[in-house]
Amino acid sequence: MGQRVLVTGGAGYIGSHTCLELLNAGHEVVVLDNLANSSEESLRRVQELCGKSITFAQLDLLDAAGVDALFATHQLDAVMHFAGLKAVGESNDIPLHYYSNNITGTLHLLEAMKRHGVWNFIFSSSATVYGVPESVPITEEFALSATNPYGRTKLMIEEILRDVAKAEPQLRAVLLRYFNPIGAHESGRIGEDPQGLPNNLMPFVMQVAVGLRDKVAVFGDDYDTRDGTGVRDYIHVTDLALGHLAALDALPQIHGCVAYNLGTGTGYSVLEMVRAAAQASERTIPHEVVARRAGDVGEVFADASRAARDLGWRATRDLQKMCEDSWRWQSKNPSGYKTQ
Ligand code: NAD
Ligand code: WQD
């Protein structure tokens, strides 16, 4: 049965793709976003793609009264919480802003949920909560730690939710630990739209392919991996969005707070990603090996079997599909949503 879902951060990259899949599956969507790192154009295009409408509140989670009023206006069944700041490097420079935005924002959301009796919660966590993993593949049982303020906000929010679950037995909370989301909806109408210099590999690679930047800097080729470059578990954003729908369906069976890895279980190196992107775009992608980036680890990939078992979810889109869809979005919208 269709549910009314509040999607915080719904105008952003992963949130917008999830809104589309929610609407396609017959759910109603209320988006809360302050547009700090997004534009309303993403939501306009989501509505155009599915022919359904979204209720949009341009609101900051730091505005506790505004958040409470939104809950008073809409009878909500569940909350998907994507809103947050996510740039690792920036979080080292302005940690107070990250703690305030991500932690205080989440507290306001949880307080409003409690006041209005909404107990179904799906949280955008991250593989960053595993810090420097001892081995791969990573299961949900691995030790948790953080290596930067951004990661610490994710870990703290997880801890807050575990505490709230102990105090409030009605809470059903799913922590989705994403590995490396890439790709775009296959229409090429919505995708990732980084502001300024991209922090992540694939948006950078795609901007080189389309001619916006000269070359990719490969951060180190002396890791203990098959070609010496960093290995990550890249997952198609549509698979990730569908993971949220699977979690929503599974919530009635969830008790307390449960974490799930959302990854494919397969790792690819930086050089393999550059090659796959070159093939999909039919462009040459110049690249140059530079020093390691501080804080990076060699190899990260998921054991996603818990999500398969409990949520009946697994990623189905392969690397070629991820790169083809990234390229369709990048080539049709070279300047992101500013391209009309
Ligand atoms: P994004 O920046 O595209 O989306 C986040 C959205 O939240 C933006 O639209 C932004 O405007 C909004 N927002 C931020 N602070 C807000 C506030 N105080 N009030 C209201 N809205 C606010 O990022 P994304 O890649 O779509 O990531 C979504 C979530 O997933 C984030 O919580 C992120 O930390 C998490 N995550 C992302 C990745 C990744 O690599 N993209 C990996 C793991 C986890
Ligand atoms: C991938 C690989 C780099 C850029 C980050 C966050 C993590 C999560 C996902 C939110 C690494 C290499 C990168 C470049 C490169 N986000 N690289 N040249 O570091 O795995 O994860 O995003 O939760 O918390 O830390 O992703 O895309 O930055 O890097 O060689 O210009 O590409 O060294 O091996 P990462 P990434």
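Order of listing sets the numbers, starting from 1, for every ligand and every atom in it.
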Considering heavy atoms of the protein only, find what lies nearest to atom 34 (O) of ligand 1 and give residue, atom and distance to 0.1 Å.
Y150 OH, 2.7 Å
Looking only at protein heavy atoms, identify the closest one to atom 6 (C) of ligand 2 and say how far it is in Å.
V88 CG2, 3.9 Å
In terms of atom number and element, which parts of ligand 2 are under 4.0 angstrom from non-hydrogen atoms of V218?
30 (O)
Counting only heavy atoms, which portion of V231 has something under 4.0 Å from ligand 2: side chain, backbone, both, or neither?
neither
Should the proximity of Y130 to ligand 2, defined as any heavy atom under 4.0 Å, be assigned to the side chain, the backbone, both, or neither?
neither
Tell me which part of N200 gets within contact of ligand 2: side chain, backbone, both or neither, using heavy atoms under 4.0 Å.
both
Contact partition for A217 relative to ligand 2, non-hydrogen atoms under 4.0 Å
backbone
Residue, atom name and distance, where the atom is the protein heavy atom closest to atom 1 (C) of ligand 2
Y234 OH, 3.4 Å
For a 4.5 angstrom cut-off between non-hydrogen side-chain atoms, does D193 reach S42?
no
Which heavy atom of the protein is the closest neighbour of atom 27 (O) of ligand 2, given with residue, atom name and distance?
L201 N, 2.8 Å
Which of the atoms of ligand 2 are close to N199, meaning less than 4.0 Å from one of its heavy atoms?
28 (O)
Specify the protein heavy atom at minimum distance from atom 18 (N) of ligand 1: its residue, its atom name, and the distance to 0.1 Å.
N101 OD1, 2.8 Å
Atom 20 (O) of ligand 2: closest protein heavy atom, distance to 0.1 Å, is R232 NE, 2.5 Å
Please check whether S38 reaches ligand 1 - meaning an N/O of the residue sits under 3.5 Å from an N/O of the ligand, judged on distance alone.
yes
Report yes if some N/O of L32 lies less than 3.5 Å from some N/O of ligand 1; otherwise report no.
no
Look at atom 5 (C) of ligand 1 and say which protein heavy atom is nearest, naming residue and atom and giving the distance to 0.1 Å.
G84 O, 3.8 Å
State if T128 counts as touching ligand 1 under the rule of any non-hydrogen atom under 4.0 Å.
no
For atom 32 (O) of ligand 1, which candidate among E192, K86, R177, K154 holds the nearest heavy atom?
K154
Looking only at the aromatic ring of each residue, does the gap between the centers of Y13 and W329 stay below 6.0 angstrom?
no
Could you tell me if the side chain of V7 sits less than 4.5 Å from the side chain of T18, heavy atoms only?
no
Tell me whether ligand 1 is touched by G105 - counting only heavy atoms on the residue side and a distance under 4.0 Å.
no
Just which atoms of ligand 2 are under 4.0 Å from any heavy atom in Y150?
10 (C), 23 (O), 24 (O)
Flag the pair H17 / F82 as yes when their ring centroid distance falls below 6.0 Å, and as no otherwise.
no
Looking only at protein heavy atoms, identify the closest one to atom 4 (O) of ligand 1 and say how far it is in Å.
G12 CA, 3.5 Å
Identify, for atom 8 (C) of ligand 1, the protein heavy atom at the shortest distance, and state residue, atom and that distance.
D33 OD2, 3.6 Å
For R293, counting its heavy atoms only, list the atoms of ligand 2 lying under 4.0 Å from any of them.
3 (C), 19 (O), 28 (O), 29 (O), 36 (P)
Return yes or no for this condition: an N or O of K86 is under 3.5 Å from an N or O of ligand 2.
no
Among all protein heavy atoms, pick out the one at the shortest distance from atom 14 (C) of ligand 2; state its residue, atom name and that distance to 0.1 Å.
F219 CE1, 3.2 Å
Students should be able to answer this: which protein heavy-atom is nearest to atom 33 (O) of ligand 2, and at what distance?
D296 OD2, 2.6 Å
So is A127 in contact with ligand 1, going by heavy-atom distances below 4.0 Å?
no
Could you tell me if R232 sits above the aromatic ring of F179, with its cationic atom closer than 6.0 Å to the ring centre and no more than 45 degrees from the axis?
no
To check your reading of the model: name the closest protein heavy atom to atom 37 (C) of ligand 1, its residue, and the distance in Å.
I14 CD1, 3.8 Å
Nearest protein heavy-atom contact for atom 29 (C) of ligand 1: which residue, which atom, what distance?
F82 O, 3.2 Å
Does ligand 2 come near enough to V270 that some N or O of the ligand is less than 3.5 Å from an N or O of the residue?
no
Below 4.0 Å, non-hydrogen atoms only: which portion of Y178 touches ligand 2? Side chain, backbone, both or neither.
neither
In this structure, atom 22 (C) of ligand 1 is nearest to the protein heavy atom N34 OD1, 3.1 Å
Is it true that the NZ or CZ of R115 lies under 6.0 Å from the centre of F71's six-membered ring and within 45 degrees of the ring axis?
no
Check each of L271, N180, N148 against atom 9 (C) of ligand 2 and report the one with the nearest heavy atom.
N180
Quick look: K154 vs ligand 2, heavy-atom contacts under 4.0 Å, and the answer is neither
